[in-house]
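Everything on this sheet refers to the single structure shown next.
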2 protein chains.
Amino acid sequence: MTNPKSEIFEQFAELARVLGQGNRLELLEHAAQGERSVERLAQLTGLSLANASQHLQVLRRAGFVRSRRDGKRMLYRLGDGPVIELLGALRRYAEHSRAEVRGIVSRYFGRLDSLEPVSREVLLQRLGDGGGVLLDVRPEDEFALGHLPGALNIPFADLERRLAELPKDTQIVAYCRGPYCVLSFEAVAALRAKGYDIKRLEDGFPEWKAAGLPVGTVIATPRPARSLSASAASSR
Amino acid sequence: MTNPKSEIFEQFAELARVLGQGNRLELLEHAAQGERSVERLAQLTGLSLANASQHLQVLRRAGFVRSRRDGKRMLYRLGDGPVIELLGALRRYAEHSRAEVRGIVSRYFGRLDSLEPVSREVLLQRLGDGGGVLLDVRPEDEFALGHLPGALNIPFADLERRLAELPKDTQIVAYCRGPYCVLSFEAVAALRAKGYDIKRLEDGFPEWKAAGLPVGTVIATPRPARSLSASAASSR
DNA sequence: TGGTCATTCAATCAATAGCTTGACTGATTG
DNA sequence: CAATCAGTCAAGCTATTGATTGAATGACCA
């Protein structure tokens with residue numbers, strides 16, 4: 001392999017291989033919500049600690065995530081290259097050419113129309129018009145790390161209990177961690193069954209942020225307070 | 001893995017794994033030039049026949065290529081999903097986060113400015129103004145399968161011999177199989193050393209075609225004549 | 001219908017990847 | 001400074017992947 005072309009392709013392939021593992025894609029999605037410790041990421045994905053740690057290092061070597069030390073914990077966040085763009089291209093390709101993907105979605109969440117969600121542009125326009133409620137169904141701690149401005153946070157787990165906060169007369173747009181985050185699919189299914197006019201946002205929080213759009217945070221924490229925010233991070 | 005989210009991620013990962021192999025990426029680039037037999041693709045990539053065949057089948061299962069039978073040969077061409085878009089995203093990510101990629105390019109082809117090529121938009125505008133020559137340095141058979149309209153085809157191997165066909169006073173834009181096709185890099189390096197004003201097009205032929213821009217062909221062959229075109233396909 | 005050509009299939013082998021376990025390191029806390 | 005906590009490292013095991021070889025298929029041609 002002294003051929004420069006093969007070397008280049010080998011570099012590309014190396015990156016693709018890193019994405020070629022479901023667990024790593026899942027870790028990546030969680031890291032894209034904001035900084036998280038290894039333990040939390042392991043917990044969220046259901047992986048063993050050592051396994052998660054190893055996968056995170058693979059992701060880091062490829063630049064998909066970055067890490068920093070905060071006391072005795074290691075915090076991982078999304079890398080700063082066009083990671084979301086790459087994942088988006090992968091998703092769009094999968095939606096186009098893999099019947100399985102569309103199949104899974106419709107099998108679990110019914111209607112194919114879940115695949116025709118509201119785009120960022122439409123959302124921006126609709127919110128500008130004053131109509132509509134934007135609903136963030138992620139756990140509180142993820143919401144706190146960053147969310148779409150003006151969004152109402154009702155974690156999916158609390159949805160039943162807090163129905164009163166949602167209007168029945170205007171359209172609701174729900175979003176969560178990414179285009180395939182189950183929470184928003186389930187929220188749409190559940191609320192639609194109850195007669196709400198609700199649609200899913202095509203993107204999740206990371207895509208919004210990657211597009212350079214404004215992001216809200218609960219408390220302005222340029223460098224999150226150590227033990228405080230850590231102990232708050234426990235919902236879902 | 002009965003979890004729909006994991007299933008989706010597993011689907012994505014499966015696709016990424018298919019791209020996670022340099023040989024397959026190389027086959028894909030060649031298939032993107034136009035329909036090619038397994039034998040030709042094996043030849044172009046230097047793989048054994050059986051090996052190429054197997055890789056092509058992996059690519060086909062993932063929808064990256066399609067195949068059809070033509071007599072006793074099997075012709076593979078690019079699939080019809082957003083393949084080029086996905087590869088483009090991978091390339092842009094690699095350029096951003098892999099020093100190795102930039103390193104290889106500058107190590108082999110000198111100047112980093114090879115990484116700042118002419119974009120499609122700039123090319124279109126420049127050609128519209130009437131200035132500039134567009135140079136296709138791919139082998140003749142690939143040129144015949146499709147090329148940018150108005151391009152002059154001088155295969156890289158013939159470049160030295162056919163220098164007279166190139167103007168010294170106007171800017172030349174060279175392209176070949178894709179953003180990292182070595183031919184155009186080498187053509188730029190060689191001609192620049194001889195005093196020509198030459199730049200590389202950012203894209204190659206497949207990207208141009210994928211963008212829906214017009215494509216020229218040497219002979220209009222909706223279904224290429226069997227033995228004729230096969231025997232013509234033999235350069236480089 | 002037998003021979004040939006292009007490709008695929010099947011078997012095999014070495015190399016690699018993913019996961020687990022238990023030991024190790026580095027920072028904090030009492 | 002020992003104990004603890006968070007994460008990483010190293011070793012080992014199994015499953016998967018990529019490549020090779022030779023046999024099998026499918027289409028054409030004489």
Side-chain angles (χ1 to χ4, degrees), chain A residues 1 6 9-10 13-27 31 35-62 65-77 225-231 233, chain B residues 1 6 9-10 13-28 31 35-62 65-77 225-231 233-234:
Chain A
M1 287 287 168
S6 306
F9 279 128
E10 199 37 58
E14 219 166 276
L15 293 174
R17 268 198 300 272
V18 172
L19 298 183
Q21 228 277 3
N23 289 335
R24 280 199 288 265
L25 291 179
E26 213 165 332
L27 281 167
E35 275 190 328
R36 293 245 110 94
S37 69
V38 178
E39 190 178 31
R40 192 85 224 288
L41 288 166
Q43 198 180 101
L44 286 164
T45 51
L47 299 177
S48 77
L49 193 70
N51 195 11
S53 170
Q54 277 163 189
H55 279 311
L56 286 166
Q57 284 171 72
V58 172
L59 285 168
R60 184 174 53 194
R61 257 174 263 134
V65 298
R66 335 186 83 210
S67 63
R68 72 179 177 94
R69 218 191 176 91
D70 173 45
K72 45 182 151 177
R73 53 187 34 172
M74 208 64 174
L75 299 179
Y76 282 85
R77 66 180 184 286
R226 271 199 301 256
S227 26
L228 257 172
S229 67
S231 60
Chain B
M1 287 288 166
S6 307
F9 279 129
E10 200 37 59
E14 218 167 275
L15 293 174
R17 268 198 300 272
V18 172
L19 298 183
Q21 226 278 3
N23 290 336
R24 281 199 287 265
L25 291 178
E26 214 165 330
L27 282 167
L28 199 47
E35 275 190 326
R36 293 246 110 95
S37 70
V38 178
E39 190 178 31
R40 192 84 225 287
L41 288 167
Q43 198 180 100
L44 286 163
T45 51
L47 299 177
S48 78
L49 194 69
N51 195 10
S53 170
Q54 276 163 188
H55 279 311
L56 285 167
Q57 285 171 71
V58 172
L59 286 168
R60 184 175 53 194
R61 257 174 264 136
V65 299
R66 335 188 83 212
S67 63
R68 71 180 177 95
R69 209 172 234 304
D70 172 45
K72 48 181 150 180
R73 53 186 35 172
M74 208 65 175
L75 299 179
Y76 281 85
R77 67 180 184 286
R226 271 200 300 256
S227 25
L228 257 174
S229 68
S231 61
S234 58

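Per chain, numbering begins at 1; letters A, B, ... match sequence-line order.
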Closest heavy-atom pair and its distance - Leu49(B), Glu39(B): CD1-CA, 3.7 Å
CG of Leu19(A) versus C1' of dA17(C): gap in Å, rounded? 15 Å
Return the value, rounded to whole Å, for the distance between atom CG of Asn23(A) and atom C1' of dT20(C). 14 Å
Specify the separation, in whole Å, of atom CD of Glu26(A) and atom P of dC19(C). 12 Å
Going 5' to 3' along nucleotides 1-16 of chain D, which nucleotides have protein heavy atoms under 4.0 Å from the base (write B), which only from the sugar-phosphate (write S), and which from neither (write -)? ----BSBBBB------
Send over the distance from Arg61(A) CZ to dG18(C) P, rounded to a whole Å. 11 Å
Can you list the residues that meet the side-chain hydrogen bond (donor to acceptor under 3.5 Å, both in side chains) rule with Gln57(B), with sequence neighbours excluded? Ser53(B)
For Gln54(B), enumerate each residue passing the side-chain hydrogen bond (donor to acceptor under 3.5 Å, both in side chains) test, keeping only those at least two apart in sequence or located in another chain. none
Does Arg66(B) have more than 12 heavy atoms from other residues, nucleotides or ligands lying within 6.0 Å of its CZ? no
Output every pair passing salt bridge (Lys or Arg N to Asp or Glu O under 4.0 Å) with a member in residues 13-24 of chain B, not counting sequence neighbours, ordered by first then second residue. Arg98(A)-Glu14(B), Glu10(B)-Arg17(B)
Please find the pair of heavy atoms, one from Ala13(A) and one from Gly22(B), that lie closest to each other, and give the distance. CB-N, 3.4 Å
State, yes or no, whether a side-chain contact exists between Phe9(A) and Glu26(B) at a heavy-atom distance under 4.5 Å. yes
Would you name the heavy atoms of Leu27(A) and Ala52(A) that are closest together and state the gap between them? CD1-O, 4.1 Å
Going by the salt bridge (Lys or Arg N to Asp or Glu O under 4.0 Å) test, which pairs reach into residues 51-60 of chain A, not counting sequence neighbours? none
Using a cut-off of under 3.5 Å, enumerate the N/O to N/O pairs linking the protein to nucleotides 23-25 of chain D.
none

Let me know the distance between CZ of Arg68(B) and C1' of dG26(D), rounded to the nearest Å. 17 Å
So does Ser48(A) get a side-chain nitrogen or oxygen closer than 4.0 Å to the phosphate oxygens (OP1/OP2) of dT20(C)? yes
Closer than 4.0 Å, any side-chain N/O of His55(A) to the OP1 or OP2 of dA17(C)? no
Whole angstrom is fine here: how far is it from CG in Asn51(A) over to C1' in dG22(C)? 15 Å
